[in-house]
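Structure first, commentary second.
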Amino acid sequence: MLKDWDLTWNTDNPIFTPCFERTVLAYLTPIFLWIFAPLDIYFSYISVPGKKIPWSALSIAKLSLTGCLMGIEMGFFVRSFLSEIVYPVDIWSPIVQAATLSLYIGLLISSKRNGVGSSGIQFLFWAILTFTQGIRFRTLLLGLESADTDLIVFLAKVVYLPLVVGQFILHCWADIAPIHENEYDSKAKKKTNPECSASFLSKLLFEWVTPLTWTGFRKPLEYSDLYHLNWSETCQHNSAIFDSNWPNDLNPDSTSNQEEKKHLKKEGGVFLALSKTFGWTYILAFLIRTVTNILFFASPQILNLLIDFISSPKEPQWKGILYATILFLCAFIGTLFHANGLHIFCLLGLRIRSTLISAVYRKALLLSNTAKRSESQGEIMNHIGVDINYISEFCQISNQLWSAPLIVFLALYFLWGILGPSCLAGLLVVVILLPINATIASKSQKLQKQQMRWKDKRTKLMNEILSGIKVLKLYAWEPSFENQVLKIRNEELRMLKTMAYLNSVSDFLLDMLRVSDGALAPLRTYIWPLMHAIRSWTPRRPLLSLPTHNIIKNHNDTLPTQNLLPTGSLYDRYISCAFVRLRSCVRCLLSNGAV
């Protein structure tokens with residue numbers, strides 16, 4: 001029988017059924033490794049080639065412990081034929097475990113040959129195996145497992161967990177650095193990044209940054225203290241992948257067919273090329289942040305169970321310990337996922353920025369004199385310095401723009417179950433201010449586009465003035481060109497002034513919304529429920545509603561309905577303006593008239 005609630009939950013000494021331990025717990029880790037083994041091989045394959053890790057004491061210890069575990073499993077397999085009563089699980093479980101350990105050895109050797117000192121899949125495999133074997137080890141020590149008269153079999157089961165724990169401890173450290181990888185890069189004269197040779201646990205906890213942090217604590221950081229970029233973060237690596245996915249040549253033939261160019265533009269241009277180049281990285285960061293968002297709402301639910309435990313004195317003590325442990329793990333794991341997801345998004349923005357700067361710069365070098373009339377040097381520098389920066393920042397913050405509304409509405413859903421209709425007091429203020437914000441959004445977006453056009457005209461004119469400064473001085477044309485520049489600048493300032501007024505109105509509405517939300521929080525949490533359901537009012541309501549209120553408060557700044565497109569706001573800067581800048585870069589990269 002897989003489950004028996006009288007043994008597992010409704011008892012003072014919980015245990016799993018023998019059938020559950022010998023099937024579900026036994027096959028959980030093999031299923032995990034066989035599913036994610038192709039992913040581990042893929043990550044090993046795409047690592048930096050030409051660097052092989054030599055055999056070390058750490059790798060030999062891993063193989064030795066794995067050999068001991070395989071020997072124990074084969075011993076269990078042989079013993080199953082010598083027993084009088086044999087179940088199918090007694091035969092298949094050692095076979096599956098031995099095959100899984102053989103697969104692990106293959107993955108370990110593959111990682112060594114490809115220069116991967118630490119694998120996240122292998123680390124998680126031993127972490128899950130340690131957890132499952134710990135449960136079976138507890139059952140064995142309590143004497144609740146079927147009694148074995150053979151002392152050797154009992155000792156083998158006792159030794160099995162220490163061997164697994166030893167493997168887990170060994171995987172907390174990375175193997176030695178690959179061959180020919182020195183401490184300093186001879187070309188860049190900078191230290192190699194320790195992240196490349198750090199273990200999976202070190203990357204997860206950002207422990208590899210500790211030496212640099214201590215160096216900055218002791219003295220101001222200098223250029224020689226910084227690390228060299230990882231190969232995956234370099235422009236050379238990312239630009240090559242982007243060029244292979246870019247549907248248009250950076251140096252197109254001016255006599256190419258116009259229909260072919262139109263077809264290339266319809267393929268998506270820069271956005272499609274960026275999606276093909278960095279799409280999987282974005283999906284990985286998206287999944288990590290999704291887990292973080294789920295854990296946001298797990299803590300209040302666990303807290304609810306903990307309150308039920310405290311209010312019921314007959315509940316066994318182990319349940320309270322379990323709830324408190326799960327509550328701590330939710331906060332700890334949520335923090336890890338949040339930090340690593342943010343780290344990946346920031347690296348993704350850095351890669352996109354360096355890739356687009358390289359593409360625009362190479363395109364600028366290939367433009368002919370005819371093409372330079374439409375794309376001046378000032379406009380190209382504006383693409384590199386401003387447009388691409390907006391695009392990279394949008395990639396870093398884009399996840400919050402869709403997740404914040406979802407999280408807020410989910411929080412309101414849970415508040416409805418706790419407080420009832422009183423939770424909609426803050427949402428009512430948002431709905432009232434929504435038409436005003438929408439009007440400001442539309443006006444601000446139009447002004448933003450006009451201001452960008454005037455800015456491009458000003459940079460283009462200034463570039464022409466600086467290019468022909470000798471002729472301008474010779475004919476004393478300074479006042480005439482000064483008037484033209486000031487005329488454009490005045491129009492630009494007028495747009496900025498109007499946008500500043502709109503920004504002030506939007507900030508006032510945003511502050512008013514925050515104040516009203518803070519003022520209505522006690523009302524909808526305490527006063528309203530007390531007036532309508534005073535008999536059912538318990539400490540459970542404020543204890544559960546306040547954490548949910550904090551979730552809404554933490555995502556107020558990224559909620560688009562609160563600051564729809566005011567100048568400098570999150571939504572305007574990272575959606576409207578980012579797409580305008582992207583179209584500007586696309587126009588530059590698709591320009592004709594190459595050398």
Side-chain angles (χ1 to χ4, degrees), residues 46-54 56 58 115-118 120 172-242 277-278 281 285 288 335-336 338-362 364-365 380-397 573:
I46 64 175
S47 61
V48 181
K51 293 183 178 180
K52 182 179 179 180
I53 297 179
S56 62
L58 184 63
V116 179
S118 178
C172 293
W173 283 272
D175 212 333
I176 61 177
I179 300 176
H180 306 306
E181 183 174 307
N182 301 321
E183 181 182 1
Y184 290 89
D185 192 334
S186 58
K187 296 182 179 179
K189 297 182 180 180
K190 296 168 69 175
K191 295 181 180 179
T192 56
N193 197 326
E195 184 182 8
C196 301
S197 57
S199 65
F200 176 76
L201 184 62
S202 177
K203 295 178 182 179
L204 194 66
L205 301 176
F206 296 97
E207 192 275 333
W208 59 273
V209 192
T210 303
L212 183 64
T213 306
W214 278 110
T215 303
F217 174 76
R218 296 187 182 96
K219 67 180 184 69
L221 291 177
E222 300 177 355
Y223 181 77
S224 58
D225 298 326
L226 301 179
Y227 302 129
H228 189 58
L229 281 176
N230 293 332
W231 172 249
S232 60
E233 318 301 337
T234 58
C235 180
Q236 180 182 0
H237 170 71
N238 295 315
S239 295
I241 303 177
F242 177 80
T277 306
F278 307 106
T281 305
I288 293 176
T335 303
L336 289 182
H338 175 77
N340 284 274
L342 183 62
H343 177 65
I344 296 176
F345 273 117
C346 291
L347 289 181
L348 180 62
L350 176 64
R351 296 176 186 177
I352 292 176
R353 183 178 181 180
S354 61
T355 301
L356 290 180
I357 288 177
S358 174
V360 172
Y361 185 77
R362 285 179 291 141
L365 296 178
I380 292 175
M381 295 305 299
N382 190 32
H383 295 325
I384 295 176
V386 180
D387 297 344
I388 296 177
N389 185 53
Y390 274 95
I391 298 172
S392 63
E393 289 180 351
F394 168 76
C395 296
Q396 297 174 5
I397 205 71
R573 187 177 183 184

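Shortest non-hydrogen contact noted between Ser358 and Cys235 is CB-SG, 3.3 Å. Counting all heavy atoms, side chain and backbone alike, Ile176 lies closest to Ile53 at O-CG2, 3.6 Å. Looking at every heavy atom in both residues, Asn238 comes nearest to Thr277 through O-CG2, 4.3 Å. Scanning both residues, Asp175 and Ser56, for their nearest heavy atoms gives OD1-OG, 2.6 Å. In plain terms, the two heavy atoms of Leu336 and Leu204 that are nearest each other are CD2-O, 3.8 Å. The nearest pair of heavy atoms linking Ala174 to Ser118 is CB-CB, 4.0 Å.
Counting only distance, with no hydrogens or angles, the side chain of Asn193 and the backbone of Glu195 share a donor-acceptor pair below 3.5 Å.
Note that the CD1 atom of Ile344 and the CZ atom of Phe278 stand 14.0 Å from one another [nearest 0.5 Å]. We find the CG-CD distance between Leu350 and Glu233 to be 6.5 Å, quoted to the nearest 0.5 Å.
The closest side-chain heavy-atom distance from Thr281 to Arg351 is below 4.5 Å. A 4.5 Å side-chain heavy-atom check between Cys196 and Tyr227 finds every atom pair outside the cut-off. Contact check for Asn340 versus Phe206: side-chain heavy atoms found under the 4.5 Å cut-off. Residues Thr355 and Ile241 form no side-chain contact, since every pair of their non-hydrogen atoms from C-beta on lies 4.5 Å or further apart.
Applying the side-chain hydrogen bond (donor to acceptor under 3.5 Å, both in side chains) test to every pair with at least one member in residues 201-214, sequence neighbours left out, gives these pairs: Ser202-Glu207.
Checked against ring-ring contact (aromatic ring centres under 6.0 Å, His included), His237 has the following partners two or more places apart in sequence or in another chain: Trp231.
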